[in-house]
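Order of appearance sets the numbers: ligands from 1, and atoms from 1 within every ligand. Computed from a predicted structure; not experimentally measured. Below, each value reflects all heavy atoms present in this structure, side chains not excepted, and no hydrogens, waters or symmetry copies.
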Amino acid sequence: MKISLTSGALGAEVEGIDLKNSSKENFSKINELLLEHKVIFFRDQNISPEQQINLAKFFGPLERHVYVKGREKFPEIIRIIKGRNEKHQWGETWHTDVSYNKNPTKVIILKSIKIPPVGGDTMFSNMEIAFDTLDEKIKKKIKDKKAIHSSLGAAAFVEKYEEMEGNGNLDEYSNEHPVVRTHPETGKKILYVNSMYTKKILGMDKNESDDTLKEIFLHQERLDFTCRFKWTENAVAIWDNRSTQHQGLTDFFPGRGLGFERIMDRIAIEGDKPN
Ligand code: SIN
């Protein structure tokens with residue numbers, strides 16, 4: 001097995017593991033690597049939807065997305081499509097997936113189906129380092145505080161993306177989570193707010209909450225907490241959605257990358273209630 005670190009902050013590209021191998025030993029190794037590097041990447045893994053589902057089930061029960069319709073034959077998989085003429089793609093600013101849910105996603109497995117010749121890399125950021133390096137005054141301010149995370153409604157998820165289909169759900173969801181959560185497997189502290197879904201820190205007035213969140217979001221965007229993955233076809237990224245944030249870069253600019261299609265298959269595994 002060969003492990004190449006993607007950056008000094010997080011991420012590793014793994015060679016010598018076959019994702020089709022469904023033995024317990026193989027899955028345990030993958031989980032160990034995931035906990036160590038937070039996001040792991042595999043190339044040339046031509047796994048079928050069934051094999052992707054099988055791999056995902058090792059981490060726990062599968063989650064259905066609240067707004068996006070699953071694939072016809074594989075409802076557990078959602079297909080993320082950026083069409084040729086679309087400028088935007090799903091997940092295009094920093095976020096933690098579905099943090100507005102009571103039990104936000106534990107792990108995501110994303111497989112590339114069609115990759116543009118340029119553009120559409122995915123970036124990941126390490127929220128343990130973000131907590132460790134946070135200003136001590138802010139750490140004191142947010143100690144034992146909770147924040148409200150809200151979904152943006154169905155429109156923000158699918159109506160904006162021409163090629164993706166909603167599942168008909170129009171409800172909005174809000175849940176409170178600790179601003180600093182503890183990782184259930186490693187015991188490490190994680191800065192658990194994100195600029196896409198976190199709306200307010202409870203126990204602060206609106207101005208104080210807005211100012212504090214603004215400062216935290218800016219800190220979370222530091223490039224030295226990140227890594228960036230350039231996709232190739234049949235690549236797989238597995239990330240720990242509890243300790244990271246990510247964004248799919250929408251650098252499809254006219255005259256450069258616009259006019260390309262990008263297709264990914266995504267499976268999510270249910271998480272637990274952040275503590
Ligand atoms: C996501 O935000 O879940 C998808 C990221 C990507 O497509 O790169």
Side-chain angles (χ1 to χ4, degrees), residues 6-7 10-11 13 34 38-43 45 52 55-56 59 62-71 74 76-84 86-101 104-127 149 151-152 154 156-167 194-198 220-221 226-252 257 260-271:
T6 316
S7 82
L10 80 166
E13 207 163 314
L34 181 65
K38 299 184 173 54
V39 53
I40 46 181
F41 307 106
F42 303 82
R43 298 208 188 259
Q45 299 270 349
Q52 189 177 355
L55 173 65
F59 292 99
L62 305 187
E63 177 188 271
R64 297 280 175 97
H65 197 278
V66 287
Y67 296 117
V68 185
K69 194 169 175 209
R71 288 184 60 185
F74 307 101
E76 306 90 338
I77 298 180
I78 60 175
R79 190 149 261 199
I80 301 174
I81 306 174
K82 180 206 127 2
R84 278 182 203 292
E86 289 184 87
K87 165 74 183 80
H88 295 283
Q89 73 179 351
W90 211 64
E92 62 189 5
T93 59
W94 286 115
H95 64 286
T96 301
D97 278 351
V98 301
S99 68
Y100 49 82
N101 279 349
T105 311
K106 174 184 178 183
V107 167
I108 303 278
I109 303 180
L110 192 66
K111 177 180 185 283
S112 55
I113 305 295
K114 191 160 187 200
I115 293 302
V118 64
D121 297 355
T122 306
M123 290 191 72
F124 297 87
S125 187
N126 182 335
M127 289 301 115
H149 297 238
S151 69
L152 310 169
F157 281 91
V158 277
E159 285 172 18
K160 193 170 153 195
Y161 307 103
E162 284 163 29
E163 303 285 337
M164 293 179 68
E165 207 183 327
N167 60 10
N194 67 87
S195 56
M196 199 180 267
Y197 303 126
T198 311
Q220 286 174 315
E221 284 176 13
T226 69
C227 72
R228 177 169 174 158
F229 186 62
K230 172 135 195 68
W231 291 93
T232 42
E233 267 167 38
N234 291 322
V236 174
I238 305 179
W239 68 86
D240 188 335
N241 189 58
R242 301 162 293 189
S243 57
T244 60
Q245 291 193 20
H246 61 280
Q247 66 168 308
L249 292 179
T250 39
D251 52 346
F252 299 100
F260 298 123
E261 197 175 30
R262 180 182 187 272
I263 304 178
M264 316 290 259
D265 271 355
R266 171 192 180 276
I267 298 189
I269 294 100
E270 274 178 22

Note to self: Under 4.0 Å between a side-chain nitrogen and a carboxylate oxygen: does that hold for K38 and D240?
What the structure shows: no
Next item on the list: Please confirm whether F157 and H65 have ring centers closer than 6.0 angstrom.
Entry: yes
Note every protein N or O atom lying under 3.5 Å from an N or O atom of ligand 1, pairing the names and giving the distance.
{"unit_1": "ligand 1", "atom_1": "2 (O)", "unit_2": "H95", "atom_2": "NE2", "d": "3.1"}
{"unit_1": "ligand 1", "atom_1": "2 (O)", "unit_2": "H246", "atom_2": "NE2", "d": "3.1"}
{"unit_1": "ligand 1", "atom_1": "3 (O)", "unit_2": "H246", "atom_2": "NE2", "d": "3.4"}
{"unit_1": "ligand 1", "atom_1": "7 (O)", "unit_2": "R262", "atom_2": "NH1", "d": "2.9"}
{"unit_1": "ligand 1", "atom_1": "7 (O)", "unit_2": "R262", "atom_2": "NH2", "d": "3.4"}
{"unit_1": "ligand 1", "atom_1": "8 (O)", "unit_2": "T122", "atom_2": "OG1", "d": "2.6"}
{"unit_1": "ligand 1", "atom_1": "8 (O)", "unit_2": "R262", "atom_2": "NH2", "d": "2.8"}

Notebook entry, point to check: Any side-chain heavy atom of W90 sitting closer than 4.5 Å to one from V68?
Noted result: yes
Next item on the list: Could you tell me if the ring centre of W239 sits under 6.0 Å from that of H246?
Entry: yes
Notebook entry, point to check: For D251, what residues pass the side-chain hydrogen bond (donor to acceptor under 3.5 Å, both in side chains) criterion, not counting sequence neighbours?
Noted result: none
Notebook entry, point to check: Is any side-chain heavy atom of F124 closer than 4.5 Å to a side-chain heavy atom of T226?
Noted result: no
